[in-house]
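Ligands are counted one by one from 1 in listed order, and the atoms in each one are counted from 1 as well.
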Amino acid sequence: MTAGARPATALSIAGSDPSGGAGIQADLKTFSALGVYGMACLSALTSQNTVGVRGVLEVPGQFCAAQIEAVLDDVPVDATKIGMLGGAATVRAVARVLAARRPELGTLVLDPVMVATSGDALLEDGAARVLIDELVPLADVVTPNLPEAAALLGGVEEADDVAGMRQTAVELLGLGPRAVLLKGGHLDRGEAVDVLALSRDGAAPLVLEWAAPRVATRNTHGTGCTLSSAVAAFAARARTAGAPAGAESSGTASPGLESPGLDDAALTAAVRSGKEFLTRALSEGAAWRLSRTPEAGHGPVNHLAQTLR
Ligand SMILES: Nc1ncnc2c1ncn2[C@@H]1O[C@H](COP(=O)(O)OP(=O)(O)O)[C@@H](O)[C@H]1O
Ligand SMILES: Cc1ncc(COP(=O)(O)OP(=O)(O)O)c(N)n1
């Protein structure tokens, strides 16, 4: 790295998963694996493991916002990922600071976390409305799974095939984000298909899909967190390298400066690279038996299987 240059940076605003598979822990591992300097503002603590969520302790909204302000006042951020926020007050406080400082957040990836794989709720009733109205329009990419997409659209029926996913992703653009990555992990088919809808000024949205072989494993805890943080990391690398996102970009930038935004091709490349990273993390952790009772829950992916410099 050039003397005085800084590494690509990414900030996660999310909850803690002490078992290390999801949340802030997954995000920081993913940022590190991708050679990006990771930072984290905690929105909530959970007591959870691979089996389920036992409890949630919210961080007061104002303190969550204060963490974000402290980072932004000091370090240029190339990409921001938002995960579990927990309560309506936290969503509101985070939205207020992010709206005021949107140009300083870099590429903004919003994972609208509502429910864990275990079925436990991770977003308070009533908080979804605030998230839809105040956070979704700020995002470059929103990454719902199928139940979250249906909830964001007001409780419509979930898409149950790829054609339905394409339609749902385009409908979600109506909430105001630049792009929607609709995740198809919950679809019952042999491939894991994700759909990207990208809005384009004055033209019909661009709709793309990526299919990966479905990995036969129970170790799927934190897949959504890992995917969204990988997309943020690849976006950060692309912004700082001024080159298309991908493993080959060097990911460094001038000190103290904000990095330039991504065009549609570079944003699409960051999403595609994120999906490839997640698929490999899943397959490389597929045979892990981390838990004492692996059949009772869902183990994590192998975030560190591919470490880029
Ligand atoms: N068994 C699997 N094999 C391969 N990819 C998977 C598998 N399960 C989920 N995925 C992928 O993991 C990502 C997260 O998907 P999903 O399970 O839909 O979201 P969430 O984890 O938020 O519930 C998506 O890219 C999805 O296609
Ligand atoms: C603290 C915390 N944040 C998010 C999740 C949910 O993780 P996600 O990757 O969206 O989904 P699952 O694959 O775990 O459903 C979590 N469990 N904890």
Side-chain angles (χ1 to χ4, degrees), residues 12-30 40-59 81-86 90 109-123 141-152 158-159 162 165 168-169 181-196 209-231 271-286 297-301 303:
S12 171
I13 303 165
S16 160
D17 169 10
S19 68
I24 286 278
Q25 289 80 354
D27 298 342
L28 289 177
K29 289 178 198 179
T30 300
C41 297
L42 274 177
S43 55
L45 308 183
T46 69
S47 61
Q48 71 172 296
N49 55 26
T50 64
V51 180
V53 180
R54 298 178 180 185
V56 175
L57 180 65
E58 272 180 47
V59 171
K81 171 249 161 91
I82 304 173
M84 172 191 175
L85 292 176
T90 308
V109 181
L110 169 62
D111 184 0
V113 175
M114 293 182 183
V115 178
T117 310
S118 54
D120 299 288
L122 296 174
L123 188 69
V141 190
V142 182
T143 66
N145 61 24
L146 293 177
E148 287 159 354
L152 290 173
E158 272 176 45
V162 176
M165 284 179 66
T168 301
L181 175 63
L182 180 57
K183 302 173 294 190
H186 296 238
L187 210 60
D188 188 15
R189 45 182 282 162
E191 290 178 313
V193 181
D194 296 350
V195 169
L196 178 72
E209 64 190 57
W210 292 283
R214 185 167 286 276
V215 180
T217 180
R218 289 185 66 80
N219 296 338
T220 57
H221 174 59
T223 46
C225 300
T226 305
L227 176 65
S228 54
S229 52
V231 171
V271 172
R272 190 187 57 236
S273 298
K275 167 84 169 165
E276 286 167 4
F277 177 89
L278 182 266
T279 303
R280 195 156 150 218
L282 251 170
S283 47
E284 304 253 358
H298 294 275
V301 304
H303 305 93

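- Put simply, the side chain of K183 does not reach to within 4.5 Å of the side chain of T223, judged on heavy atoms.
- Counting only non-hydrogen atoms, the option in M114, K275, K183 that gets closest to atom 22 (O) of ligand 1 is K183.
- Taking any N or O of D17, backbone or side chain, none lies under 3.5 Å from an N or O belonging to ligand 2.
- Protein heavy atom nearest atom 6 (C) of ligand 2, with residue, atom name and distance: L122 CD1, 3.8 Å.
- Within the structure, ligand 2 has G222 among the residues with a heavy atom less than 4.0 angstrom away.
- Each of the following atoms of ligand 1 lies closer than 4.0 Å to a heavy atom of D194: 24 (C), 25 (O), 26 (C), 27 (O).
- Within ligand 1, the atoms closer than 4.0 Å to a non-hydrogen atom of N145 are 18 (O), 19 (O), 20 (P), 22 (O), 23 (O), numbered from 1 in the order shown.
- For atom 21 (O) of ligand 1, the closest non-hydrogen atom on the protein side is T223 OG1, 2.9 Å.
- Distance check: L278 CG to T30 OG1 gives 8.5 Å after rounding to the nearest 0.5 Å.
- Nearest protein heavy-atom neighbour of atom 4 (C) of ligand 1: L282 CD1, 3.4 Å.
- Summary of contacts: the protein heavy atom closest to atom 8 (N) of ligand 1 is R214 NH1, 4.0 Å.
- Remark: minimum distance from atom 18 (N) of ligand 2 to any protein heavy atom is reached at Q48 NE2, 2.8 Å.
- Summary of contacts: the protein heavy atom closest to atom 12 (P) of ligand 2 is T117 OG1, 2.8 Å.
- When atom types are taken as modelled, the side chain of E58 and the backbone of G86 share no donor-acceptor pair closer than 3.5 angstrom.
- No side-chain donor-acceptor contact under 3.5 Å links S16 to the backbone of T46.
- Under a 4.0 angstrom heavy-atom cut-off, G222 registers as lying outside contact with ligand 1.
- The T220 neighbourhood of ligand 2 comprises atoms 13 (O), with distances under 4.0 Å to a heavy atom of that residue.
- The two atoms that bring G20 and K29 nearest to each other are O-NZ, 2.9 Å, heavy atoms only.
- Here P213 has backbone heavy atoms under 4.0 Å from ligand 1, and that is the only part of it that gets that close.
- A heavy-atom separation below 4.0 Å is not found between H298 and ligand 2.
- If you number the atoms of ligand 2 from 1 as listed, the ones under 4.0 Å from a heavy atom of T223 come out as 9 (O), 13 (O).
- Here the side chain of R218 pairs no donor or acceptor atom with the backbone of G299 at under 3.5 angstrom.
- Within ligand 2, the atoms closer than 4.0 Å to a non-hydrogen atom of S16 are 1 (C), numbered from 1 in the order shown.
- In this comparison of V115, V215, L278, the heavy atom closest to atom 3 (N) of ligand 1 sits on V215.
- K81 and S228 form a side-chain donor-acceptor contact under 3.5 Å, judged by distance and modelled atom types alone.
- Not close to ligand 2: A14, with no non-hydrogen atom less than 4.0 angstrom away.
- Taking only nitrogen or oxygen atoms, main chain and side chain alike, G224 reaches within less than 3.5 Å of ligand 1.
- Rounding to the nearest 0.5 Å gives a distance of 6.0 Å between CG of D111 and CD of E148.
- Side chains of H221 and Q48 form a contact here, defined as non-hydrogen atoms less than 4.5 Å apart.
- Counting the atoms of ligand 2 from 1 in the order shown, those under 4.0 Å from a heavy atom of A22 are 5 (C), 7 (O), 16 (C), 17 (N), 18 (N).
- Remark: ligand 2 atoms within the under-4.0 Å shell around heavy atoms of G15 are 1 (C).
- For the pair S12 (side chain) and I24 (backbone), a donor-acceptor distance under 3.5 Å is absent.
- Although no hydrogens or angles enter the test, the distance criterion places a donor-acceptor pair under 3.5 Å between the side chain of N219 and the main chain of G285.
- Contact check for F277 versus V231: no side-chain heavy atoms found under the 4.5 Å cut-off.
- Near M84, meaning under 4.0 Å from one of its heavy atoms, ligand 2 places the atoms 1 (C), 3 (N).
- The N/O atoms of C225, backbone and side chain alike, include one that comes under 3.5 Å of an N/O atom in ligand 2.
- Backbone and side-chain nitrogen or oxygen atoms of T220 are examined, and none is located within less than 3.5 angstrom of a nitrogen or oxygen of ligand 1.
- For atom 9 (C) of ligand 1, the closest heavy atom belonging to the protein is G185 CA, 3.7 Å.
- Among R218, H221, H186, E148, the residue whose heavy atom sits closest to atom 23 (O) of ligand 1 is H186.
- Under a 3.5 Å cut-off, the side chain of R214 and the backbone N or O of V193 do not form any donor-acceptor pair.
- Counting heavy atoms from C-beta on, the side chains of M114 and N145 never come closer than 4.5 Å.
- The closest side-chain heavy-atom distance from V53 to D17 is not below 4.5 Å.
- Counting heavy atoms from C-beta on, the side chains of L181 and L227 come closer than 4.5 Å.
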